[in-house]
Each structure stands twice: as C-alpha cells, then as structure tokens.
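Below is one structure, written out as structure tokens; the observations come after it.
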Amino acid sequence: MNYQKSVLPICQIIGYKNAGKTTLMEQLIGYFTSRQWKVGAIKHHGHGGEPDYQPGTDSQRHYEAGATISGVQGESQLQLTLRDDGSLENVLDFYRLLDLDMLFMEGYKKEDYPKIVILKDEKDVELLNLSNVIAVGLWNNEMRAFTKYPTFSMHKIEQSLSQLATVITTHLDFKC
C-alpha cells in the first residue's frame with residue numbers, strides 16, 4: 001500500500017523524574033484544546049517493563065490471547081492496547097491516522113523533535129545538549145545563565161502559556 005504520511009507537528013517535553021513534565025503537558029494540552037485544536041499525547045514509559053493496565057478485564061484477556069490490538073469503547077472514550085515492536089515510528093503512524101493538529105510527547109529524550117526541557121537544578125543542565133531544544137522551563141530562575149533558549153518559570157506556567165505556545169507554533173509545521 002502506497003500512502004503519504006500526514007505531517008504531525010510534535011513537541012517533546014523532556015526532564016528528569018519529578019521535574020514537572022506531566023504538569024506542563026496538562027497545561028499545554030489545556031491551552032491548545034481550549035482553542036479548538038485536536039491535541040494528542042504520548043508518554044514514554046522509561047522505567048523498564050510494561051505500562052500498567054487493568055488485569056482481568058475482557059480487553060486485557062483479548063490482548064493476552066494474542067490480539068495485535070485490543071480495545072474497549074465506553075460512552076465517550078476508547079482505550080486501546082496495541083502490541084508493538086517498540087518502534088516509536090509505528091506508534092506515530094497510528095497517531096497520524098487521527099488527524100491531530102499536534103502531538104505532545106513526554107520523554108523520548110533521544111528523538112529529534114522540537115523539545116521543551118525542564119531543569120530542576122544544575123545537574124540537569126546536561127539536557128541542554130539534546131537536539132532541537134526550543135525552550136527551557138526553570139524551577140530556579142538563576143539558572144537562566146546556563147541557557148541561550150527562551151525560558152519560563154515552572155512556578156508560573158499559567159502566566160507563560162501564551163508566550164510558550166508562540167515559541168512552539170513558531171518551531172513546528174502546522175496544517176491548521
């Protein structure tokens with residue numbers, strides 16, 4: 001089958017454990033969806049092993065029986081479990097089918113998409129060596145000296161969302 005992949009603007013949120021990645025993702029997703037954007041989210045389960053899912057459910061039993069994909073649909077929600085070879089590109093192909101305006105990705109540090117890096121303290125500065133850094137969230141504003149990128153305070157995310165959204169949309173290719 002020959003098909004052209006749709007462009008899916010992707011922004012990564014990077015930081016070490018308990019840096020505030022999920023909180024920032026929640027804020028950004030809320031910001032863009034309140035403006036009628038279709039936003040997707042994916043989190044890398046970087047702790048080894050498999051993500052948690054509910055044991056004993058019918059969809060889990062289907063998956064364990066060997067289904068490539070197993071899902072359960074409720075009134076306004078669809079939950080899927082997909083057997084996958086671990087390739088991020090395969091997962092992104094699936095997300096591209098959903099006709100999203102953008103995707104926020106938590107983690108996947110080594111991937112080459114535009115990144116917002118969150119720094120908790122000086123030992124985290126090494127994250128600024130990653131590719132495609134576009135902005136930096138700081139828990140300590142004195143750390144501004146370590147970066148040449150636009151910065152924002154993690155203590156005041158709500159006040160920075162509009163400016164951060166501008167940085168993101170400037171660095172990504174949008175279809176909307």
Side-chain angles (χ1 to χ4, degrees), residues 1-17 19-55 57-118 127 129-135 137 149 161 164-176:
M1 178 182 228
N2 191 4
Y3 68 96
Q4 185 175 8
K5 292 182 182 179
S6 66
V7 174
L8 177 58
I10 298 172
C11 181
Q12 293 179 259
I13 309 298
I14 303 297
Y16 290 122
K17 186 175 172 117
K21 298 180 301 291
T22 301
T23 299
L24 179 58
M25 291 235 332
E26 287 174 325
Q27 294 289 324
L28 288 167
I29 291 166
Y31 180 89
F32 283 102
T33 58
S34 73
R35 284 150 180 80
Q36 310 309 309
W37 289 44
K38 283 178 61 178
V39 178
I42 185 171
K43 176 182 173 34
H44 184 240
H45 181 66
H47 308 294
E50 297 300 326
D52 294 334
Y53 56 74
Q54 296 300 313
T57 61
D58 291 348
S59 59
Q60 186 235 1
R61 290 173 60 194
H62 301 160
Y63 181 78
E64 287 182 355
T68 299
I69 186 168
S70 174
V72 58
Q73 183 174 11
E75 186 175 326
S76 62
Q77 181 174 228
L78 172 65
Q79 184 176 22
L80 299 173
T81 302
L82 176 64
R83 193 173 309 277
D84 162 78
D85 65 1
S87 161
L88 176 60
E89 194 55 38
N90 287 345
V91 175
L92 293 179
D93 283 346
F94 182 79
Y95 273 78
R96 286 181 184 104
L97 295 173
L98 302 176
D99 195 33
L100 299 171
D101 295 316
M102 73 180 312
L103 174 66
F104 284 105
M105 228 171 26
E106 184 176 328
Y108 299 95
K109 290 178 185 74
K110 304 274 194 252
E111 295 299 324
D112 199 29
Y113 298 101
K115 294 173 183 61
I116 298 170
V117 173
I118 302 173
L127 292 172
N129 294 324
L130 295 170
S131 66
N132 285 330
V133 175
I134 62 172
Y149 304 104
L161 282 175
L164 191 51
T166 299
V167 169
I168 292 167
T169 56
T170 299
H171 284 85
L172 303 179
D173 294 324
F174 284 94
K175 62 183 177 184
C176 49

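What you see is a predicted model, and the numbers here were worked out from it, not measured in a lab.
When all heavy atoms of K38 and L98 are compared, the closest pair comes out as NZ-O, 3.0 Å. Between A165 and Y31, the closest heavy-atom pair is CB-CE2, 3.2 Å. Taking both residues in full, the closest heavy atoms of A19 and I118 are given as O-CG2, 3.3 Å, listed atom of the first, atom of the second, then distance. The two residues Y95 and A41 have their closest heavy-atom pair at OH-O, 2.8 Å. In terms of heavy-atom proximity, Q12 sits nearest to E111 at OE1-O, 3.4 Å. For the pair F104 and I13, the tightest heavy-atom approach, listed with the atom from each and the gap, is CD2-CD1, 4.3 Å.
Of the candidates D112, L92, I42, L92 is the only one forming a side chain to side chain contact (heavy atoms under 4.5 Å, CB included) with I10.
Side-chain contact between F32 and T169: present, with at least one pair of heavy atoms (C-beta onward) separated by less than 4.5 Å. Residues Y108 and L88 have side chains in contact (heavy-atom distance under 4.5 Å, counting atoms from C-beta outward). Between D101 and V39, every side-chain heavy-atom pair lies at or beyond the 4.5 Å cut-off. Taking 4.5 Å as the limit, some side-chain heavy atom of T166 sits within range of a side-chain heavy atom of T170.
Separation of atoms SG (C11) and CG (L172) is listed at 6.0 Å; rounding is to 0.5 Å. Note that CD1 of I116 is 4.0 Å distant from CG of L164, once rounded to the nearest 0.5 Å. Annotation: the span from N132 atom CG to H171 atom NE2 amounts to 8.5 Å, rounded to 0.5 Å. The line from CG of L127 to CD1 of I14 is 8.0 Å long, rounded to the nearest 0.5 Å. To the nearest 0.5 angstrom, K115 atom NZ is 9.5 Å from Y113 atom OH.
By the side chain to side chain donor-acceptor pair (under 3.5 Å) test, Y16 is found to be paired with E126, residues two or more places apart in sequence or in another chain being considered.
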